Amino acid sequence: MYSEKVMDHFTNPRNVGEIENADGVGQVGNAKCGDIMKIYLKIENDIIEDVKFKTFGCGSAIASSSIATEMIKGKTIQEALELTNKAVVEALGGLPAAKVHCSILAEQAVKAALLDYAQKNNIEIKGLEDFNPDADHHEHHDEEIDE
Amino acid sequence: MSKRVYLDYSATTPMKKEVLDEMLPYFTEKFGNPSSIYSFGREAKQAVDTARERVAKLIGAKTNEIYFTAGGSEADNWAIKGIAYANKDRGNHIITTKIEHHAVLHVCEYLEKNGFDVTYLDVDKYGLIDLEVLKNAITDKTILISIMFANNEIGTIQPIKQIGQIAKERGIIFHTDAVQALGNVEIDVDELNIDLMSMSAHKIYGPKGIGALYIRKGVKIHSFVHGGAQERRRRAGTENVPGIVGFGKAALMAMENMDHHINHLKMLREKLIKGIMEKIDYVRLNGHPEKRLPGNVNMVYEFIEGESLLLSLDMVGIAASSGSACTSGSLDPSHVLMAIGLPHEIAHGSLRLTIGDFTTEEDIDYVLEQLPKIVDRLRQMSPLYENVKGGQK
Amino acid sequence: MSKRVYLDYSATTPMKKEVLDEMLPYFTEKFGNPSSIYSFGREAKQAVDTARERVAKLIGAKTNEIYFTAGGSEADNWAIKGIAYANKDRGNHIITTKIEHHAVLHVCEYLEKNGFDVTYLDVDKYGLIDLEVLKNAITDKTILISIMFANNEIGTIQPIKQIGQIAKERGIIFHTDAVQALGNVEIDVDELNIDLMSMSAHKIYGPKGIGALYIRKGVKIHSFVHGGAQERRRRAGTENVPGIVGFGKAALMAMENMDHHINHLKMLREKLIKGIMEKIDYVRLNGHPEKRLPGNVNMVYEFIEGESLLLSLDMVGIAASSGSACTSGSLDPSHVLMAIGLPHEIAHGSLRLTIGDFTTEEDIDYVLEQLPKIVDRLRQMSPLYENVKGGQK
Ligand SMILES: Cc1ncc(COP(=O)(O)O)c(C=O)c1O
Ligand SMILES: Cc1ncc(COP(=O)(O)O)c(C=O)c1O
Ligand code: FES
Ligand code: FES
């Protein structure tokens, strides 16, 4: 069901944990839907020096958050903003259709953490103006049903 | 992965060797069509008759009240649609529960789109229906009560005899989905006032793709699969002879083995529940503490999600099942866990371990060694657990 | 009885050893539920996927257009009811023929009681429909044409491609019951314009109790068995994994073997027909001389009755089938033989011998040795034959 890459990140998730006094913290999803993702950022000179995550969710939710942290670590804020859920899915070697929303969650968690950083420091980050961390991230990819 | 521990007997069971041995001749040698009159057909017909007797005996039915189907789902579909359409001159109201298997629920939903009214009874926190509520739900138009014998997720066993009694007094047909109960609970259809009952062989160490519907003599029902004259003209299709033979053998073994089987499962179940309770915090048992299937251990592990628990168990060779519907591609948690009142996030953290005849004490020990480590690891990753720990500090 | 010659391959076939070998591991070892995510389930799922590919390949379909069922009868029931109810906003008219299998006819009769109109096309003396008559039968309300690929009694093969073309031009869904044709005729669903097609494994040396419905992508159809999410949410029930695996292997072997199989059967068929014609008076072939199944020898033996013929053959170890419905408990002769215009008394004297892969020349020789003796003996007892002899004298 899952690619080797997904299983690898699920089994040995990178960057699990918290950052004390993080510069930005973002949390998306809700327990009702069975998934919460929380991302902590340490940012210096526009560069993401460190990143950690915690996730309550399924295998692909954990793998998505793990690979997303890897993909933004050491990158600039602008580069991190360009992280799309598609890129996450590709990096994971694909996700089942029903699990694509887990990767969307990862993209949004990163953005939410960046938004928090912007708000704490009173700066505007280009590309985040319309971002709403509480927006419903669920996309249903059910197979055809005929009734 | 070397060690493999299968704890998903409620999903399906391995077939017993004795069952396979009994089936084997009917594939390549005694392969005749039982409807034929020549000798190739006669030996097949005899085998089908014997199997029918065995299944009948397991549930205290008459031989000619057993109709073979392709499994539990077909039996459920047949019972409910067949009764609904054959009795629609008497009414259009059906009573069932919120915790039925999808093979019952989805048929009911289909019928709702086609002129029938369906009442879905609530259950209490243990998964039990309330008999008074059932009585009050009955109207002049009620033609069918369909309530499952034992629930596949949480294992709760309903008061079937009393339900049957209520149905009987009111002249309403009573169907029960006994797919999970068969072989795990003593069943006598007469004593329990059951009119129709769904069964499936692959849950009792028989083959997949074969089941049966018990239909009490005299009950008015439409055919579901129309065509040839098989199954006393009620269910068409060349008989799945090896499957039927296997079901018969499994039924015979279930009957002979019942006491030992139930004791073995209960013993291991108690050991597993006790061990989990002792070793892991923030867990609770779903379903009724006593009125439950002997092999069912469905528990909530707070702050973590079922699928990741499943995957982690799989990596150490343990096969289980999750109350979380993430696995099935839908985002809603199990309708059963919602019906017993679990909040969403808790329902997502449920895990079902189901024990069977081949489960050993060592298997349980292995689970009790692995599960706490896995739960701990996942909780360390969980943002929900963080809050709890914070609160405790 | 020492010698046994099975000549009823159209009723059912023995399973091939290779098929059984491929199925065996899925009963007791790889017994997992394919819907589960753990490794026990994955190996079962892979096996099901492979089987689906093999069946798809045999008929030129895409893998996701194959839906496994419990056999040919369920496939027929599903196709016809599922299409009828899903498309009833577009019309309520169905066209079929008088010579369909009961799994089609009885469903059509059921639908007639529930608001649908059904036209049953006549056939000519060979059992062929008339394409012009078909065209004229189509109305604005026609939603489905269901015409069998090859007839199970007389073996006649219909002009499926042309029927499909007519349906396609008029935007009507086309279903064909190919239970008898599968493996005996080259089938490509795209080339033949088929929208739905029923198949059954036990007619092609696979297991009983498993079949499939081909459903062209995009065709609007209701589910028949509601419940779990199996078969892309279209057909509920735990998959009959060994059955599916066996069907897949049988399909693969049918494909690899097709030419040889057809030649072998045709050769023996011609030998048998020729021998009977030479050795027995007052016989004639039912069905079309060329457009017929390679293994089908259905003949009329005037002045005698089919059941007594069958019993006598059985006593010398030959398994056959009769056009006479006496065997099934009804006194009417076969609807197929009536439809091709045979008078009652002649229809009663029909015998179907169907040849398969395991049939040998010696088997045919044995039949040619026994059958004339039996026919003669029965005719000596027949008051009808007396008259003929009288006339001839
Ligand atoms: C033409 C035809 N259709 C349908 C069927 C039914 O198939 P099954 O016996 O697999 O249900 C048969 C054989 O019995 C058949 O010959
Ligand atoms: C309670 C219940 N009903 C019905 C079914 C369906 O049975 P089958 O898989 O044989 O169609 C199952 C199991 O899947 C079940 O647990
Ligand atoms: S968190 Fe449930 S599907 Fe990913
Ligand atoms: S002659 Fe006896 S049933 Fe046909």
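Every chain is numbered from 1 and lettered A, B, ... according to where its sequence line falls, protein lines coming before strand lines. Reckoned from all heavy atoms, side chains included, excluding hydrogens, waters and symmetry mates. Keep in mind that what you see is a predicted model, and the values were worked out from it rather than measured.
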Is the number of heavy atoms from other residues, nucleotides or ligands under 6.0 Å of Glu129(A) CD greater than 12? yes
For atom OH of Tyr126(B), decide whether the heavy atoms of other residues, nucleotides or ligands shown that lie under 6.0 angstrom number more than 12. no
Would you call Asp23(A) and Lys120(A) a salt bridge, taking side-chain N to carboxylate O under 4.0 Å as the test? no
Is it true that Glu74(B) and Arg235(B) have a side-chain N and a carboxylate O under 4.0 angstrom from each other? yes
Flag side-chain contact, heavy atom, 4.5 Å: Lys54(A) against Tyr385(B): no
Write out, in numerical order, the residues from residues 3-13 of chain A with a heavy atom short of 4.5 Å from a heavy atom in chain B. Met7(A), Phe10(A), Thr11(A), Pro13(A)
Under 4.5 Å from any heavy atom of chain B - which part of Ile36(A): both
Report the C-alpha distance between His93(B) and Thr119(B) in whole Å, list the side-chain angles of each, state the deciding distance to 0.1 Å, and finish with yes or no for side chain to side chain donor-acceptor pair (under 3.5 Å). CA-CA 8 Å; His93(B) 182 232; Thr119(B) 300; 2.6 Å; yes
